[in-house]
Amino acid sequence: MGIYKKDIKDGQVAECLYFDAALPVEQVCAYIAEKLKENTNLSFDEHTALYVATNDAGIASSVVFWKEAITHGPALLGPRLFPWTLANGVASCLSRTLGIQGPNITLVGEQAVFTQLKAMAMDDLNAGRIKAALVLWVGLERGVCLWC
Amino acid sequence: MKDRIVVTAMGLETALGNTLPAVWAKLLQGQSAARSWQDLEEQGFRYATACRVAHCDAPALRRGRHLLGHALSQALANTTTDLPENTGVFIGSTMGESAAFEAKASGESIDVSQYNCASFTRYVQERLGLKGPSFAFGTACAAGNYAIGYAARQLASGKIDAAIAGGVDAFSRIAMAGFSRARAMSPVGECRAYDAKRSGMLLGEGAAVLVLQREADAKANGAKILASIEALGLSADAYHATAPEPEGEGIERAIRAALQEAQLSPEAIAWVCGHGSGTRASDLAESKALARVFGSQIRVAAYKGAFGHTLGAATAIESICCILALQTGSLAPSSMLVQKDEQIAVNVIREVYSHQADYVLNCGYAFGGLNSALIIGKA
């Protein structure tokens, strides 16, 4: 697991964290949260919004969840994985872990969606709906990028 | 002066019906699409009652696309003008085409990336030859409100000249098993929001599509104006993966954010289309929030007892219900209510309520603590 920093075109710094694709989403969330706490000076509260772009959309967890259903039957499988089958699993986990109570948005798509989300965040900031924004790309095969 | 964003066409596909008049008539009569399904019993599901679209001959892996396609066709049939090339597409979904993920788990060789909720926006763009931006909202059971609200924001900013917005979710065995095992599903097969004997949710499926434009453009094109989209308020509980924050504080923040953006006082809202999932915790938290913002006399109705919980489609379908109520001056009764829970501190509608409203509020919440509140205005 490594951390890479690079400039993006508007001069802000994006931090990209690369993960092993096999890592459980729960652990990915915990790791991102830890890094965010270490590397940003934002106050995590109701005035901060979280924007997550992802191409995973809970699919990896859905496949594992349904394999368990096939093995044990749908009436007996463990419920622990279910919240991670939803596309907003990472965003909701980060809001809980960091205490971010503002808007919580997940967009699904390829990495271009990250750019769309940054524009959405800027619009929401300019409109005064929020005071701070955290924008992340979470692609479990490729890594996580942060912009704030 | 800010240009109003208006709805000029809409369509839906649900287990209750697949035309606007049919669905509205059944809601006014208090009907429900819930029934028991033998295939779910045979497959070993704990509960076998759900609201599914009968006689749907779509391929299992593209059932969501099929539902969305029907809703889209219906909306387009009611559109009087051609959509511009830069029309934006905004679709919300909780599960995507989850039958594909089940197939992958069963060992089929399948590229699952072609079945996530972005597959729905791609479908709409390709079918209509649109070149505007697309937004696939993976914001679970509140996704329809997100899609409609952000479509209105993009229109207001002038980035696009029209929008197709809505939500879709096909019946998902993953969701059926997951909600059952999370103890959210009604063991008696009835979703009775706000009722003293409510016992949980029912799973449904469906799709809803709305066409949005700026009012000036709609008028210039001779489009019929059905309603306006005034504001979207959002918040997160930051509390629990599946349970709502019990006092509804996050819900209250979302509602107040919507009111602030719309520059409306709580008194301006005539009634609320509630989330009303039928779970004890969620309905109670919602009623506390509504009572704090609007007072205990605020009229509330919820329709998941009629449609089932259609997940990412729910708030889009319920937005259409709000618009039909605004158009007809009649609020349909809250579905399946028998005896209101004394702890539910709002005025839940039991019978058709006739009222010419100016503004209504459509609330929707999601697993993970997401809260959304969409204010819809009369035409």
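Note that the structure is predicted; figures quoted are calculated from it, not measured. In what follows, chains carry the letters A, B, and so on, assigned in the order in which the sequence lines appear, proteins first and then strands, with residues in each chain numbered from 1.
- The candidate with the highest count of non-hydrogen atom pairs below 4.5 Å against chain A, out of B:S134, B:A257, B:G250, B:A182, is B:S134.
- Between B:E261 and B:R153 a salt bridge is recorded (basic side-chain N to carboxylate O distance below 4.0 Å).
- Here B:S235 is the residue among B:S106, B:G107, B:S235 with the most heavy-atom pairs under 4.5 Å with chain A.
- Taking B:A241, B:S172, B:P133 one by one and counting their heavy-atom pairs under 4.5 Å with chain A, the maximum is reached by B:A241.
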- prompt: ring pair (Phe, Tyr, Trp, His ring centres under 6.0 Å) between B:F367 and B:F179: does it pass, once the steps are laid out?
  reply: CA-CA 10 Å; B:F367 259 25; B:F179 283 116; 5.1 Å; yes
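- Of the atoms belonging to B:D237, it is backbone heavy atoms, and not side-chain ones, that fall under 4.5 Å from chain A.
- Heavy atoms of A:R129 lying under 4.5 Å from chain B belong exclusively to its side chain.
- Per-residue counts of heavy-atom pairs under 4.5 Å with chain B were compared for A:I70, A:V52, A:L81, A:T106; the largest is that of A:T106.
- Annotation: side chain of A:Q101 is not in contact with side chain of B:E249 (no heavy-atom distance under 4.5 Å).
- Interface residue B:L370: only side-chain heavy atoms are found under 4.5 Å from chain A.
- A:I100 touches chain B through its backbone: at least one of N, CA, C or O sits under 4.5 Å from a heavy atom, while the side chain does not.
- Annotation: side chain of B:M185 is not in contact with side chain of B:T279 (no heavy-atom distance under 4.5 Å).
- If you tally non-hydrogen atom pairs under 4.5 Å between each of A:G58, A:G102, A:G109 and chain B, the highest count goes to A:G102.
- Contact annotation: the side chain of B:T87 approaches that of B:I164 to within less than 4.5 Å [non-hydrogen atoms, C-beta and beyond].
- Salt bridge B:R122/B:E126: absent, no basic N to carboxylate O contact under 4.0 Å.
- Your options are B:Y115, B:Y239, B:Y47, B:Y150, and the one with the most heavy-atom pairs under 4.5 Å with chain A is B:Y150.
- B:D169 and B:T310 share no side-chain donor-acceptor pair at under 3.5 Å.
- If you tally non-hydrogen atom pairs under 4.5 Å between each of B:A177, B:A118, B:G178 and chain A, the highest count goes to B:G178.
- A donor-acceptor contact under 3.5 angstrom links the side chains of A:D124 and A:Y51, judged on distance only.
- Looking at B:T242, the atoms closer than 4.5 Å to chain A (heavy atoms on both sides) all sit in the side chain, from C-beta outward.
- Between B:L212 and B:I5 the shortest heavy-atom distance is CD2-CG2, 4.2 Å.
- Both the backbone and the side chain of B:T139 come within less than 4.5 Å of a heavy atom of chain A.
- With respect to A:K131 and A:D45, no salt bridge is recorded, no charged nitrogen being found less than 4.0 Å from a carboxylate O.
- Among the candidates A:G78, A:P83, A:S62, the residue making the largest number of heavy-atom pairs closer than 4.5 Å to chain B is A:S62.
- There is no contact between A:A69 and chain B, counting heavy-atom distances below 4.5 Å.
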